Structures are given as structure tokens and as C-alpha cells.
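Below: the structure, in C-alpha cells.
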Amino acid sequence: VVGVISSKEVFGNPLGRDRDPWYLLIQMQDFFDTRRISSAESLIENDPDMLLIIHPAGLDDELVYAIDQFMLRGGRAIIMADPWNETAASLRLVPGQPAMTPESSNLPRIFDAWGIEIPQGQTIGDRSLASMVNAGGEGQVKAAPYISWIAPKEANRNMDDAVMASLKDLVIPTPGSIEVKEG
């Protein structure tokens, strides 16, 4: 059982623009019993074997505490925190006003206890791994490196890992950094 926690509509939104679940969730459902976790109570009720936490923005204190307790009991989690969510930023309705989906996500109470910091509003880039994008205009095609979208080559990935070895093209848009504090 994989419990999925997200501030995004990863299971789809029948009333919104993205009605279908994310492709990742569709594929996961072929192999795992995936359950939406939206509160501390649903985390306890669903008793997942593992958590998949995607863009944990705006989670209430009770759910954050329940996640912390789950982890302290030996639970496993994949946490996808986002220092700058490019999609949310592009959907801002009025410049200068907050986006409908928070542009960054973090679990500071948990990460602080683990000695992890994800600097918010900062991303990393690498010219040697930059994705090529069209920088032309007016019908012109002009390829240019976009250092904020990293495209790791095989030499930059662990090709002995079954997941990494099976990937043909990989692009990591606007990735952030993780700092591990000593102590």
C-alpha cells in the first residue's frame, strides 16, 4: 500500500483542467494499491507501507506530525519537495499575486529535525547538461541551451539501477539543491 500525499491534483480533478490522474499514478496503480492521503486520520486509517509525498505545500500541522510519526516508526517515504514549481509560477493569474498552487514546497519541521535544508526559491543549473530549447522567435528555430532544465546523460546516471537504465530521455526541470547539516 502506497499512501500518496500531494498539494497537487495527482489523482486528477474531475472539475478542473487536468481531469485524469498523473501518468505516474496510473502506472503505479498497476503494481501497487495507491491511496490518497489528505489528513492525519486518513494516514492512520490507510496504514500504508510507504508514502509518496509530492509537492508538500500547505500541509496542516496534524498531517505533518502524522508523517513524522510514520517515519519515526520505521516508515519509508519518497519526498518530492520543490524549491520553485515552474508550472505553478506559470499559472499565476495576476503578476505579483500568489499562484493558486504554491510555487515552492518543503517540510521544514521534519527536514530541520533530520538536518536537511532545501533552499527555497533557488534552483541549480549545469551548462554541460543543459536541455536544448527553441530560443527563436517569429517562426525561426534557434536551438539554445537552457541550463535550468538538466538532461543527465548515461555517464551521469547509475546505469546499473533498473529504473535509470530503462530511461531513454530524462529532463529535470528547475531542480533544487539539498544541504545536509552536520550534527
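Not measured: the values here are computed from a predicted model.
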**Asked** Tell me, do Arg127 and Pro145 make a side-chain contact under 4.5 Å, heavy atoms counted?
**Response** yes

**Prompt:** Is there side-chain contact between Ser6 and Pro56, with heavy atoms separated by less than 4.5 Å?
**Reply:** no

**Message:** Between Leu129 and Asn156, is there a side-chain heavy-atom distance shorter than 4.5 Å?
**Reply:** yes

**Asked** Arg76 versus Leu51: any side-chain heavy-atom pair under 4.5 Å?
**Response** no

**Asked** Just by modelled atom types, is the Lys142 backbone N or O under 3.5 Å from a matching donor or acceptor in the Asn134 side chain?
**Response** yes

**Asked** Looking only at atom types and distance, does a side-chain atom of Asn158 sit under 3.5 Å from a main-chain N or O of Asp160, one as donor and one as acceptor?
**Response** yes

**Item:** Flag side-chain contact, heavy atom, 4.5 Å: Asp82 against Asn106
**Value:** no

**Request:** List the atom of Asp68, the atom of Ile110, and the distance in Å for their closest heavy-atom pair.
**Result:** N-CD1, 3.9 Å

**Request:** Could you list the residues that satisfy side chain to side chain contact (heavy atoms under 4.5 Å, CB included) with Leu167, not counting sequence neighbours?
**Result:** Arg157, Met164, Leu170

**Side-chain touch Ile124/Thr174, heavy atoms, less than 4.5 angstrom** = no

**Asked** Do Val133 and Trp149 come close enough that some side-chain heavy atom pair is under 4.5 Å?
**Response** yes

**Asked** Any side-chain heavy-atom pair from Val171 and Ile150 closer than 4.5 angstrom?
**Response** no

**Asked** Checking Arg19 side chain against Asn13 main chain: does a donor-acceptor pair fall under 3.5 Å?
**Response** no

**Request:** Any chance you could pull the hydrophobic cluster mates of Phe11, using side-chain heavy atoms under 4.5 angstrom and chaining through other members?
**Result:** Val2, Val4, Val10, Trp22, Leu24, Leu25, Met28, Phe31, Phe32, Met50, Leu52, Ile54, Ile78, Met80

